[in-house]
Visitor: 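Shown below is the structure under consideration.
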Amino acid sequence: MTTDARPMPTTAIPEGTAALRAAVARVVASGNCSGCGACALLDPGLRMRLDDEGNLRPTPVDDTEAPAAAAPVAAVAAVAPVAPDAVKRFEDACPGVTVRAVHPATGRRHPTMGPYLRVWMAWATDTEVRYRGSSGGALTALAAWMLETGQASRMVGAKADEIEPRRTVSVSILSREQAVAAAGSRYAPTASAALPEALLPGTVMVGKPCEVSAVRALTTGHSARPGDDDPVLLSFFCAGTPSQHATDRLAAELGSPAGTPVSDLWYRGRGWPGRFTVERPDDTSSDASYDESWGSALGPAAQWRCKICADGVGESADITAADFWRSDERGYPVFADGAGRSALIARTERGYDIIVRAVEAGVISVSPIEMEDLAAVQPLQTTRRATLAGRLAGATLAGMRVPRYRGFGLLALALPRFREVVRVARGTFRRARARRAALAGKRS
């Protein structure tokens with residue numbers, strides 16, 4: 001894998017910083033970086049930047065470098081030291097090194113959907129929030145309500161870049177209006193765990209499972225009982241982070257190639273499931289269906305780390321949302337237009353309390369469902385976890401390093417589908433071996 005990073009200077013780098021950057025570089029070189037940004041919180045000299053493949057990767061920069069500078073790495077006169085335990089914290093939190101399943105003392109644990117106290121079908125009662133949200137607007141409604149009522153000081157999340165809407169940026173949001181404006185999924189690289197505000201008391205964070213897992217590890221050490229001062233973590237089911245190049249190519253196919261002005265771009269929402277839409281300053285627009293955009297263009301461009309992910313369901317969050325698809329007679333999702341609805345999972349007691357109070361306040365409407373109902377309309381998540389042991393085995397046999405997954409019961413899930421898992425292992429072995437050869441060619 002190639003990145004924008006240039007060789008680091010060998011002088012003026014404290015020993016602890018050098019050790020941390022070596023650990024980060026190993027994860028990037030292995031292809032296991034998810035681009036969450038947590039390493040940038042531990043080393044102020046790292047920035048998250050797009051690499052040649054269109055994925056966000058940590059890149060060392062000079063603290064004196066202006067954000068708009070063209071060179072990814074400037075000559076460094078001095079590099080700030082990191083905390084003495086930075087390497088240990090990094091290896092404990094980085095999703096490219098270790099991910100731990102959550103086993104709470106209370107509640108139940110579903111083998112593929114993770115820990116939960118209760119699960120509901122839910123949607124925002126505010127029609128604008130429900131319309132703009134990708135899946136019923138439940139997470140946006142909760143975060144906006146917490147900001148509006150002072151339960152949270154800020155929301156950390158993602159939105160379209162105001163200057164170049166093809167890009168997605170991580171932001172700290174301070175008002176309900178800003179939260180509603182940012183509603184909707186962004187199927188592009190983000191690194192919300194790189195924002196210092198993500199760790200602060202009073203923060204409500206809406207992030208991908210890998211971002212949430214990293215922040216949980218950095219704040220509570222993976223505890224299933226977060227304290228009152230720990231950030232409230234909201235997540236969603238994630239099928240992977242596509243390369244930025246996929247968005248650029250899709251926009252170009254819809255008549256907006258790179259270099260042409262775009263006034264807005266969204267992936268979903270504004271209806272459910274919503275359409276990938278590009279708007280231009282001349283009041284013209286083009287769009288593609290969810291199946292065309294995600295199924296044909298974005299999904300296949302997901303980065304390698306996402307293809308070997310054990311936690312696409314946001315286990316480390318207080319609350320997780322998912323599409324509660326309507327299904328056909330085979331149980332597979334139907335992407336027909338309709339009023340958005342989420343499945344909302346309370347994973348911690350704090351998350352349960354937030355949902356109950358939001359219902360009482362009229363912020364969301366809910367209807368209880370069983371976890372098996374959700375699993376039935378999420379075949380990608382259930383199949384991925386059940387066959388992941390095969391992918392990990394195939395990648396390892398091909399000589400690739402893979403993250404350590406603790407407590408997910410992957411072998412137990414694989415045994416009932418042994419033949420399928422073997423087929424997955426063989427396919428992954430072939431693809432991983434080809435990937436290693438391609439990466440070796442780029443480095444030579």
Side-chain angles (χ1 to χ4, degrees), residues 34-38 93 95 98-104 107-122 133-143 155-158 170 185-187 190-193 198 203-220 222-226 230-241 302 305-306 308-325 342-352 354-355 369 371 374-375 377-378 380-382 384-385 388 403 405-408:
S34 71
C36 73
T98 304
V99 181
R100 292 179 175 83
V102 178
H103 291 266
R108 290 168 284 179
R109 180 177 175 82
H110 189 276
T112 57
M113 299 288 101
Y116 68 104
L117 296 178
R118 290 286 300 277
V119 58
W120 302 265
M121 181 173 66
S134 290
S135 179
L139 289 186
T140 299
L142 291 172
M155 167 189 165
V156 167
S170 298
S185 297
R186 301 293 300 179
Y187 294 131
T190 58
S192 295
T203 291
V204 54
M205 177 183 181
V206 181
K208 301 188 300 292
C210 57
E211 294 169 327
V212 166
S213 172
V215 169
R216 176 71 80 207
L218 290 173
T219 54
T220 71
H222 299 287
S223 171
R225 296 179 64 87
D230 293 318
V232 174
L233 302 179
L234 311 182
S235 193
F236 42 82
F237 281 23
C238 177
T241 300
R305 168 60 179 76
C306 298
I308 55 168
C309 183
D311 179 20
V313 299
E315 286 203 6
S316 294
D318 292 294
I319 298 169
T320 305
D323 280 297
F324 193 60
W325 300 109
S342 307
L344 206 57
I345 307 169
R347 298 206 182 276
T348 65
E349 293 178 3
R350 179 170 63 170
Y352 177 81
I354 289 171
I355 292 172
I369 59 174
M371 187 59 89
L374 175 58
V377 294
Q378 288 287 340
L380 184 146
Q381 298 293 350
T382 55
R384 172 191 282 174
R385 187 173 289 192
L388 183 58
Y405 296 123
R406 307 300 192 200
F408 287 94

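For the numbers below, each heavy atom of this structure counts, side chains included, while hydrogens, waters and symmetry mates do not.
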Visitor: Applying salt bridge (charged side-chain N to carboxylate O under 4.0 Å, His left out), can you list everything that pairs with E211, at least two apart in sequence or on another chain?
Guide: K208
Visitor: So, using side-chain contact (heavy atoms from CB on, under 4.5 Å) as the criterion, who are the partners of A322 when residues are at least two apart?
Guide: F237, A343, L374, Q378
Visitor: For L233 and S316, work out which heavy atoms get closest and say how close.
Guide: CD1-O, 4.1 Å
Visitor: Output all residues satisfying side-chain contact (heavy atoms from CB on, under 4.5 Å) with A141, sequence neighbours left out; order by chain, then residue number.
Guide: A124, V129, V363, I364
Visitor: Donor-acceptor pairs are to be reported for all side-chain atoms of residues 110-119 against protein atoms at under 3.5 Å, with residues two or more places apart or in another chain.
Guide:
residue	atom	partner	partner atom	Å
H110	ND1	T112	N	3.1
H110	ND1	T112	OG1	3.3
H110	ND1	M113	N	3.1
H110	NE2	E372	OE2	2.8

Visitor: For the residue pair A239 and L380, what are the closest heavy atoms and their distance?
Guide: CB-CD2, 4.1 Å
Visitor: Side chains of T320 and V313: closer than 4.5 Å at any heavy-atom pair?
Guide: no
Visitor: Tell me yes or no: between the side chains of R406 and T98, is some donor less than 3.5 Å from an acceptor?
Guide: no
Visitor: Restricting to non-hydrogen atoms, name the atom on A375 and the atom on T382 that form the minimum distance, rounded to 0.1 Å.
Guide: O-CG2, 3.6 Å
Visitor: Would you mind telling me which of C210, S192, S213 makes a side chain to side chain contact (heavy atoms under 4.5 Å, CB included) with C36?
Guide: C210
Visitor: Please identify each residue that fulfils side-chain hydrogen bond (donor to acceptor under 3.5 Å, both in side chains) with T219, with sequence neighbours left out.
Guide: none
Visitor: CD1 of I354 to CG of L234: how many Å apart, nearest 0.5 Å?
Guide: 7.0 Å
Visitor: Could I get the full list of side-chain contact (heavy atoms from CB on, under 4.5 Å) partners for A321, not counting sequence neighbours?
Guide: L139, L344
Visitor: With T140, which residues qualify under side-chain hydrogen bond (donor to acceptor under 3.5 Å, both in side chains), at least two apart?
Guide: none
Visitor: Going by side-chain hydrogen bond (donor to acceptor under 3.5 Å, both in side chains), name the residues that satisfy it together with D323, two or more places apart in sequence or in a different chain.
Guide: S135, R268, W272
Visitor: Would you call E315-R216 a salt bridge at under 4.0 Å N-O?
Guide: no
Visitor: When you compare the side chain of L388 with that of Y405, does any pair of heavy atoms fall below 4.5 Å?
Guide: yes
Visitor: With a 4.5 Å cut-off on side-chain heavy atoms, are P403 and R305 touching?
Guide: yes
Visitor: Would you please name every residue forming a ring pair (Phe, Tyr, Trp, His ring centres under 6.0 Å) with Y187, sequence neighbours left out?
Guide: Y267, W294
Visitor: With sequence neighbours left out, write down each residue that passes side-chain hydrogen bond (donor to acceptor under 3.5 Å, both in side chains) with S185, or none if nothing qualifies.
Guide: S134
Visitor: Return the set of residues passing salt bridge (charged side-chain N to carboxylate O under 4.0 Å, His left out) with R384 (not counting sequence neighbours), or none when no residue passes.
Guide: none
Visitor: Please name the residue in the list D318, I319, I355 that meets the side chain to side chain contact (heavy atoms under 4.5 Å, CB included) test with R350.
Guide: D318
Visitor: Looking at P231 and V215, what are the two nearest heavy atoms and their distance?
Guide: CG-CG1, 4.2 Å
Visitor: Can you measure from OG1 (T203) to CE (M155) and round to the nearest 0.5 angstrom?
Guide: 11.5 Å
Visitor: With sequence neighbours excluded, what pairs up with P209 under the side-chain contact (heavy atoms from CB on, under 4.5 Å) test?
Guide: S235, C238, D311
Visitor: Please name the pair of heavy atoms, one in R109 and one in A101, separated by the smallest distance, quoted to 0.1 Å.
Guide: NH2-CB, 3.4 Å
